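Values below: every heavy atom of this structure, side chains too, minus hydrogens, waters and symmetry copies. Owing to the predicted nature of the structure, the values given are computational and were not obtained by experimental measurement. The residues of the chain are indexed from 1 along the displayed sequence.
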Amino acid sequence: MAKVKEFDEQHLAKAAKAGVAPADYVPTKEKLAYSCGALMDGGGVALMACVLLKYMTDSLGIVAATASTIMMVSKIWDAITDPVMGFITDNTRSKYGRRKPYMFIGGIALIFAIFMLFSPIKDWGITSQGGMVAWVLIWYLFWNTCSTCSQVPYTSMASDISPAFSERNNANTFKLVFSSVASGLAYVVPLLLLGSYQKGSMTATGFWLVMAILFGGLFGGGLIVTALFAKERVKPAPGEKKQKFNLKDFLKGYITPYKNKSYAWHIAMYVAAFTCMDMLSALAAYYADHVWRGVILDLGFIQMPFGSMFIVAPMMVAAVIAFPLVRVVMDKKGKAFAFRMGLPLYIIGGILIAVMDPAWCPPIVVPVAAFIMGFGFGGAQMIPWMNFPDTLDVAELKLGERPTGNYSGMMTLVRKVSGALGVGIIGWVLTGVGYDSYSVAIEASKELAKQEGALQTAYNNASGLTISEFFRNFGAQITGQVNMMETKPADFDILKVADGVDTVLLTIRLLMGVAIAVLIAFALFSSFKFRLTNPILARMRYFTEKVKAGEYDTLTEEEKEERIALINKHYGKYNAEEDAEMIARLKNAVEEERAIQPEEEPITVSEETSVEKEEIPETTKE
């Protein structure tokens, strides 16, 4: 604890020197409490993207296309609930804050949701395709509703934790470490558990209890800690009243955030990078289990069957290692540069993984390529959470208020929808190339291999390169076993399955390569369009606080022109009439407040915002 106290004192001294007001400073203990909520933020989406599709297709026997549709239906529901939650949290006024009550309630509900979602329903007698689909759909919808209740407010906390962007950056750096650790656990541990369950070394009940207790406690407990011990320092603007629900205005909320150019490009960067990670994580299990099936990875001191952990774990470790470098580059070169600097490594590593073939490539090369990808992904994983509150500074400059709930609701929505769409594409494409019949043949072979004999030996020795030959040699036995299964495809033909193995495995590899090349290239392009820097943000806050204090008339003509130029460049087209109305509204609100409480001192501009105009590089001012 002595080290934490010493760090706090040193940090406070630096914050004071930089001009951060004492009220804006976030103590280290609170940064840690705030970061606990990131366990769900980083791990929740990762968990579902990584394991749910494979759990439905390979463990429950749900058709891949149907499983993908389940995930997409839940996101259609999110398209309604996320913006609604943004409206609710923006219009909440309580002594506990606008965001924290919902994180507390959502955290408790998430624990129950994960217990129900991964319940051993086959052991409970639910074995029909329709029954399993209905169970997963209902409880996945409930899970997503609980996620919305907690995550939209938590995303808003990235802005509300402090009005000072330097403090936000520091708090969100803590958050990203927690998020990355949770992502790593959520990508690796469930796949190990699912592998043990599918191999028969863990029962369905054991898999359920470990998943529910571990991740329910991690995700739900983290949100409860944040709700209890973090503070909301950014309050509603002077005169900002609760809004009554209006359907027309609500529907506009789906579009309005994207009028903010900085927010739109931030979302493009965020969605492209994280959708790629979701697809890669979902494909990692298929890639390891089928493309590299039967391959032994020799680490020198131990030999292990090749698994998805040799892809996901090196990526997550490398991303965390890259964080300190990304933070240094961010402070010196800006957030957009820090975001894109490693993306070429991500693309190179991803393409290497996609083209590598067990027929000629040593398996040790795969985790090396994954490590290269992870190091390149460090900036893409870290920077979006630094950019989000900055886009609200841009909105506040233009609108006179921070639509945090609306922005966080849309950010949460597009993250969920894009992740589900990316994973959904995997399921739909795999169904199209015959994966469902291939998966049923594998399940039937597993059952047959439980009995000693030539088939057991042949199955255990079959690799991704020889599994088609195994299907041909034991086709009659496999077909007989399939005919006794409830989840058998109507047109199952073992010879067609054998002929299609190469197509299935090639498709898995191509999906990985194409997803990485296309999505990361788009993220790279988008980063060049995001142009906010710390000096620009400091000037924005200077102008915003002047307007909020009712002191717009004290600005010089040159400063007024500069403010207009910032709005045009970073938000969108300047509207003089709307701007004049906003300035007048805030000035009247300040005057009314002073009339009621004349003893209070007028709002002053903090030293952090009083950056001289000359500090902005000329290249950032057009």
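Other residues, nucleotides and ligands contribute only 12 or fewer heavy atoms inside 6.0 Å of the CH2 atom of Trp77. Atom NZ of Lys587 is surrounded by 12 or fewer heavy atoms from other residues, nucleotides or ligands within 6.0 Å. The number of heavy atoms from other shown groups lying within 6.0 Å of OH (Tyr96) does not exceed 12.
The structure places CG of Leu566 at 12.5 Å from OH of Tyr542, a figure rounded to the nearest 0.5 Å. Separation of atoms CG (Asn144) and SG (Cys149) is listed at 12.5 Å; rounding is to 0.5 Å. Here the CG atom belonging to Asn588 is positioned 12.0 Å from the CD1 atom belonging to Ile583, to the nearest 0.5 angstrom. Distance check: Thr81 OG1 to Leu413 CG gives 8.0 Å after rounding to the nearest 0.5 Å. Rounding to the nearest 0.5 Å places CD1 of Ile224 at 13.5 Å from CZ of Phe219. One finds the CE atom of Met315 at 13.5 Å from the CZ atom of Phe375 (value rounded to the nearest 0.5 Å).
Taking a cutoff of 4.0 Å between a charged side-chain nitrogen and a carboxylate oxygen, Asp160 and Arg402 do not qualify as a salt bridge. Salt bridge status for Lys398 with Asp579: absent, with no side-chain N to carboxylate O gap under 4.0 Å. A salt bridge between Lys560 and Glu557 is present, with a side-chain N of the basic residue lying under 4.0 Å from a carboxylate O of the acidic one.
Residue Gly424 comes nearest to Ser68 through the heavy atom pair O-OG, 3.1 Å, listed as atom of the first residue, atom of the second, then distance. The two atoms that bring Asp24 and Ser162 nearest to each other are O-OG, 2.7 Å, heavy atoms only. Minimum heavy-atom separation, Ala380 to Leu343: CB-CD2, 3.9 Å. Closest approach of Ala272 and Leu519 over heavy atoms only: CB-O, 3.3 Å. The two residues Pro153 and Met85 have their closest heavy-atom pair at CG-CE, 4.1 Å. Heavy-atom minimum distance, Ser150 versus Leu110: OG-CD1, 3.7 Å.
No option in Lys31, Arg233, Lys231 other than Lys31 meets the salt bridge (charged side-chain N to carboxylate O under 4.0 Å, His left out) test with Glu167. Across Thr173, Leu176, Ile383, a single residue satisfies side-chain contact (heavy atoms from CB on, under 4.5 Å) together with Val326, and that is Ile383. Applying salt bridge (charged side-chain N to carboxylate O under 4.0 Å, His left out) to Asp331 and the options Arg327, Lys333, Lys335 leaves one that passes, Arg327.
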Checklist line | Full working for side chain to side chain contact (heavy atoms under 4.5 Å, CB included) between Trp143 and Leu52 | finding: CA-CA 12 Å; Trp143 162 272; Leu52 186 59; over 6 Å; no
Next item on the list: Begin from the C-alpha positions of Ile161 and Glu30 and carry the test side chain to side chain contact (heavy atoms under 4.5 Å, CB included) through to its verdict.
Entry: CA-CA 10 Å; Ile161 191 74; Glu30 188 183 340; 3.8 Å; yes
Margin query: side chain to side chain contact (heavy atoms under 4.5 Å, CB included) for Asp393 and Arg541? Distances and angles first, verdict last.
Written below: CA-CA 7 Å; Asp393 288 348; Arg541 189 175 175 197; 5.8 Å; no
Margin query: Using the rule given for side chain to side chain contact (heavy atoms under 4.5 Å, CB included), can you reason through Arg168 versus Asp390, listing the C-alpha separation, both sets of side-chain angles and the distance that settles it, and then say yes or no?
Written below: CA-CA 9 Å; Arg168 292 195 310 244; Asp390 295 348; 3.1 Å; yes
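Within the 4.5 Å cutoff, the side chain of Val394 has no heavy atoms near those of the Tyr263 side chain. Contact check for Phe337 versus Lys332: no side-chain heavy atoms found under the 4.5 Å cut-off. A 4.5 Å side-chain heavy-atom check between Leu399 and Tyr571 finds at least one atom pair inside the cut-off. Put simply, the side chain of Phe530 does not reach to within 4.5 Å of the side chain of Arg340, judged on heavy atoms. Looking at Tyr140 and Met48, their side chains come closer than 4.5 Å, going by heavy atoms from C-beta outward. Here the side chains of Tyr258 and Ile267 are in contact, with some heavy-atom distance below 4.5 Å. Counting only heavy atoms from C-beta outward, the side chains of Lys252 and Lys259 never approach each other to under 4.5 Å. The closest side-chain heavy-atom distance from Lys548 to Val590 is not below 4.5 Å.
The aromatic rings of His266 and Phe388 sit tilted relative to each other, their planes meeting at an angle between 30° and 60°.
A donor-acceptor pair under 3.5 Å links the side-chain atoms of Ser262 to the main chain of His570, judged by distance alone. With Glu232 contributing its side chain and Arg99 its backbone, the two residues share a donor-acceptor pair below 3.5 Å. Although no hydrogens or angles enter the test, the distance criterion places no donor-acceptor pair under 3.5 Å between the side chain of Asn172 and the main chain of Met386. Formation of a donor-acceptor pair under 3.5 Å by the Ser35 side chain with backbone atoms of Lys175 is found in this model. Side chain of Ser74 to backbone of Leu141: no donor-acceptor contact under 3.5 angstrom is found.
For the residue pair Thr148/Asp82, the side-chain donor-acceptor check at 3.5 Å is satisfied. Side chains of Ser159 and Tyr407: a donor-acceptor N/O pair is absent below 3.5 angstrom, by distance only. Side-chain N/O atoms of Ser408 and Thr155 include no donor and acceptor closer than 3.5 Å. With hydrogens and angles left out, the side-chain atoms of Thr404 and Ser156 include no donor and acceptor closer than 3.5 Å.
The cationic group of Lys100 does not satisfy the cation-pi geometry with Tyr34, failing either the under 6.0 Å distance to the six-membered ring centre or the 45° limit from the ring axis. A cation-pi arrangement, defined by a distance under 6.0 Å to the six-membered ring centre and an angle within 45 degrees of its axis, is absent between Arg415 and Phe274.
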